[in-house]
Amino acid sequence: MRSNASHQARGPVRTRVATGATAAFLGLTVAFAGGVSSPASAAEASTLSGIVLGVGANETQRTVSWYSSGDTAQKVQLAPTAQLTGGEFPADAVTFDALGAANIASSGGYNRHATITGLKENTAYSYRVGSEGNWSTAYSFKTQDFEGAYDFLFLGDPQIGSSGDLAQDQAGWSDTLDVATKANPNAELLVSGGDQIESANNEDQWKSFLAPDQLRQIPYAATIGNHDVGGKAYEQHFSTPNTDNSASKYANGNPASNTSGGDYWYIYKDVLFIDLNSNSYATSQGGGGDEAHTKYVTDVINQHGSEAKWKVLVYHHSIYSPASHAKDGDNKTRRVDFPTTFSKLGVDLVLQGHDHSYSRSYLIKNGAKADPEEQPGAADVYPGPGGVLYVTANSASGSKYYDITAPDNSGTSGAGNGADPLNPDSYWYNSVQNQEHVRSYVKVQVRDEKLVVENVRSSTCDAPNSEVSHGDWCNNTTAAQPVGSIVDKVSIHPYHGDGQSLQVNVPNAAPGEFGWTVDGYNGLVDLGTAKEENGDHFTASGKINPILVSDTRRTLSPWSVSANVSAFKDADKTFAGSYLGWSPYVLDQGAGAQAGSPVASGYDDQGDGLAVSRGLGSAEQGHARGTSKLGADLDLKIPDSVQKGGYRATLTITALSS
């Protein structure tokens, strides 16, 4: 796994037990050294706006994009949310420098973007943009497991402003995101179908589109629609990973022109996503056309397809849609240019927008229905080699709906728009077609053994639903088709060829633990009655209760166990703990244990004896995991000047491990 750019200093863990002539006491102290916040220094103030959290190249990354009124050096500041104190970022919060440039004149100001790297899984993070003394509001996001199952949400054509009622378009878009994220609180991506706004460079529309806070909390994977492509605002608002901004990926072949373009890809857990600028489809426009896209998809899958279990393509112009754009000439061109390449490359799912209606295709192979016997609305599909499922999303904002159109006699493969022999009211390529004039979103569940695609209602006929509010029809029945109900659901099961595929999930290895305890009953260590020796001192001996050490950590980090003794006391009478010495040994080998060195009684060498901490046992870095048992013979020598009495002391055991 990739390391985090933000670190928390961590001290040793210490475990102490007190054992003496009377009782045993157990205490636990954990020390953490963390950063403390420091006041921000003043900086030139800039207005910071349009903040949006974007998808990164993989699950350990995020991009952040924003607008600035001033042309100043700026950055993203990031810290685990748990480290914030009173909303203040810690002094050691990591920062990522931003890039950017001046916006076009109609947008004003400047754009900035930065890539956050080194994220850790299952962690809540807070971030803000700007510079010292001029930070934005802080926002938060959370990472989840970096392997395994997850859900993402696909959102079709908000096209804010297209109804002429900007406020209600924004309200509908915001409501869909509220409904979708509350119903799916662990959804990890928001994937765009394109057409964020109506007019490419209208910043009032962009402001309304970017209003929902979900766009700062869940990474948004943007897609260029035909209403986005006609200006630079799309590129100013979104930074995308692994982006090819070469001339062939622009409709007019000129990346420097006042248009947006580019294809990009990223891998999120088990899915390789490839996002295309489908506005560039014909070389007569000046760009590389569909051939440039099919080459791009081929190259990316050949280089990175083996790194993921699933391959998902995203672009705006639906080639298998049921409504007003179904018979458009440009879509018929793409319907000829794309499918064979997608089938050959083993693409599993294609997500599209543009036609403001919902459809789910039959499995399509090389531009024709893969299995003539596949039934309309099948709940489970089995692609076999070359079968691809195409999905078109309806409006997520309610700003515009297109009504389903009728098939013709132009054919039932390739560019044709003929009728489905199994369902003559539908196009030959569509298993499901739906238009109720209610907002919806598509939920995709990524699982080891299948992709589950659901079209989910995010509204009824009621406001906010711009087009219906302005007089258009709606046939949704609230009682039977409430918010959150399913329009369509299908599971895509992978093709395993002629053999049998085996699946096993390997979890993160448990980090293991280090600890120790007194072996058995922690009773009184009674050294008995001291005996007079040589007429000038007394001696006593015994053994400590054995210490059982267990180390199952995968890090194989070093450890040590040591001890020191207090003064011996009897009421107001006392003598020094330095008169106690010992000889450590290993009773049971394991965990790399090595016995500490013998320590003489201070009576013999005028030293400190066990009055200072002395090693009982230890292990070096790289030792084997396991358990060991440590012991020690005690040697007490007492000057004969000590008064008669029953003296007690406490031997404190300390374990240290990094």
Side-chain angles (χ1 to χ4, degrees), residues 54-59 61 63 150 152-156 188-194 219-225 228-229 234-235 238-246 248-251 260-281 287-320 334-335 337-354 361 364-365 383 386-393 442 444 446 451 453 492 494:
V55 69
N58 56 48
E59 60 278 355
Q61 299 184 5
T63 60
Y150 74 101
F152 68 87
L153 308 178
F154 178 58
L155 302 154
E188 299 189 38
L189 299 175
L190 303 176
V191 179
S192 161
Y220 184 77
T223 299
I224 303 175
D228 307 312
V229 75
Y234 173 90
E235 291 184 3
F238 300 118
S239 174
T240 54
N242 302 316
T243 305
D244 182 348
N245 285 120
S246 62
S248 66
K249 308 307 187 300
Y250 283 74
S260 291
D263 295 351
Y264 72 95
W265 66 272
Y266 58 99
I267 294 177
Y268 195 88
K269 296 189 183 181
D270 286 334
V271 180
L272 169 61
F273 289 91
I274 305 176
D275 194 287
L276 306 176
N277 172 25
S278 58
N279 296 282
S280 176
Y281 73 96
D290 287 344
E291 183 178 357
H293 298 310
T294 55
K295 183 180 186 304
Y296 181 80
V297 173
T298 300
D299 289 345
V300 171
I301 289 179
N302 284 342
Q303 294 172 30
H304 302 284
S306 62
E307 299 170 29
K309 294 179 181 177
W310 304 95
K311 304 174 187 69
V312 175
L313 303 188
V314 186
Y315 53 82
H316 180 62
H317 295 81
S318 176
I319 63 175
Y320 296 117
R334 297 183 191 91
R335 200 183 303 158
D337 292 344
F338 283 169
T340 298
T341 297
F342 297 169
S343 292
K344 177 182 177 182
L345 293 171
V347 171
D348 298 290
L349 176 65
V350 178
L351 300 173
Q352 311 154 113
H354 192 50
S361 77
I364 304 296
K365 180 178 180 180
V388 183
L389 192 80
Y390 295 77
V391 170
T392 307
V442 175
V444 180
V446 180
L451 295 177
V453 180
I492 307 169

> How would you list, by chain and number, every residue that makes a side-chain hydrogen bond (donor to acceptor under 3.5 Å, both in side chains) with Thr298, sequence neighbours excluded?
Replying inline: none

> What residues form a ring pair (Phe, Tyr, Trp, His ring centres under 6.0 Å) with Tyr234, not counting sequence neighbours?
Replying inline: Phe238

>> If the condition is side-chain contact (heavy atoms from CB on, under 4.5 Å), which residues does Asp348 pass it with, not counting sequence neighbours?
In response: Trp310, Lys311, Leu451

> With sequence neighbours excluded, what pairs up with Lys344 under the salt bridge (Lys or Arg N to Asp or Glu O under 4.0 Å) test?
Replying inline: none

> At their closest point, which heavy atom of Asp337 faces which heavy atom of Thr294, and how far apart are they?
Replying inline: O-CG2, 3.8 Å

>> Under a 3.5 Å threshold, yes or no: a donor from one side chain and an acceptor from the other, between Thr392 and Ser318?
In response: yes

> Checking side chain to side chain contact (heavy atoms under 4.5 Å, CB included) for the pair Thr240/Thr63: CA distance, chi angles, key distance, verdict?
Replying inline: CA-CA 7 Å; Thr240 54; Thr63 60; over 6 Å; no

>> Would you compute the distance between atom CD of Glu59 and atom CG of Leu189 and round it to the nearest 0.5 angstrom?
In response: 10.0 Å

> Which pair of non-hydrogen atoms, one from Ser361 and one from Leu389, has the smallest distance, and what is that distance?
Replying inline: O-CD1, 3.1 Å

>> Run the ring pair (Phe, Tyr, Trp, His ring centres under 6.0 Å) test against Tyr268 and tell me which residues pass, sequence neighbours left out.
In response: Tyr150

> With sequence neighbours excluded, what pairs up with Val300 under the side-chain contact (heavy atoms from CB on, under 4.5 Å) test?
Replying inline: Trp265, Leu272, Ile274, Tyr296, His304

>> Enumerate the side-chain hydrogen bond (donor to acceptor under 3.5 Å, both in side chains) contacts for residues 270-279, please, sequence neighbours excluded, ordered by first and then second residue.
In response: Thr223-Asp275, Asn277-Asn279, Ser278-His317

> Going from CG on Leu276 to CG on Leu313, what distance comes out if it is rounded to the nearest 0.5 angstrom?
Replying inline: 6.0 Å

>> Going by the rule side-chain hydrogen bond (donor to acceptor under 3.5 Å, both in side chains), which residues pair with Tyr320 if we only count those two or more places apart in sequence or in a different chain?
In response: none

>> For Asp244, give me all partners under side-chain hydrogen bond (donor to acceptor under 3.5 Å, both in side chains), at least two apart in sequence or on another chain.
In response: Ser246, Lys249

>> Looking at every heavy atom in both Ser192 and Ala222, which two are closest together, and how far apart are they?
In response: CB-CA, 3.8 Å

> What pair of heavy atoms forms the shortest contact from Ser248 to Ser280, and how long is it?
Replying inline: O-OG, 3.8 Å

> Is a side-chain N or O of His354 found less than 3.5 angstrom from the main chain of His316, in a donor-acceptor match?
Replying inline: no

> Do Arg335 side-chain atoms and Ile319 backbone N/O form a donor-acceptor pair below 3.5 Å?
Replying inline: yes

> Which pair of heavy atoms, one from Gly56 and one from Tyr266, lies closest together, and at what distance?
Replying inline: O-CB, 3.4 Å

> Who pairs with Asn245 by side-chain contact (heavy atoms from CB on, under 4.5 Å), at least two apart in sequence or on another chain?
Replying inline: Glu235, Thr243, Tyr250

>> So, using side-chain contact (heavy atoms from CB on, under 4.5 Å) as the criterion, who are the partners of Pro383 when residues are at least two apart?
In response: Leu363, Ile492

> Can you list the steps and then say if Val314 with Val191 is a side chain to side chain contact (heavy atoms under 4.5 Å, CB included)?
Replying inline: CA-CA 8 Å; Val314 186; Val191 179; 4.0 Å; yes

>> Among Tyr264, Tyr390, Phe338, exactly one meets ring-ring contact (aromatic ring centres under 6.0 Å, His included) together with Tyr315. Which residue is that?
In response: Phe338

> What residues, two or more places apart in sequence or in another chain, satisfy side-chain hydrogen bond (donor to acceptor under 3.5 Å, both in side chains) together with Gln303?
Replying inline: none

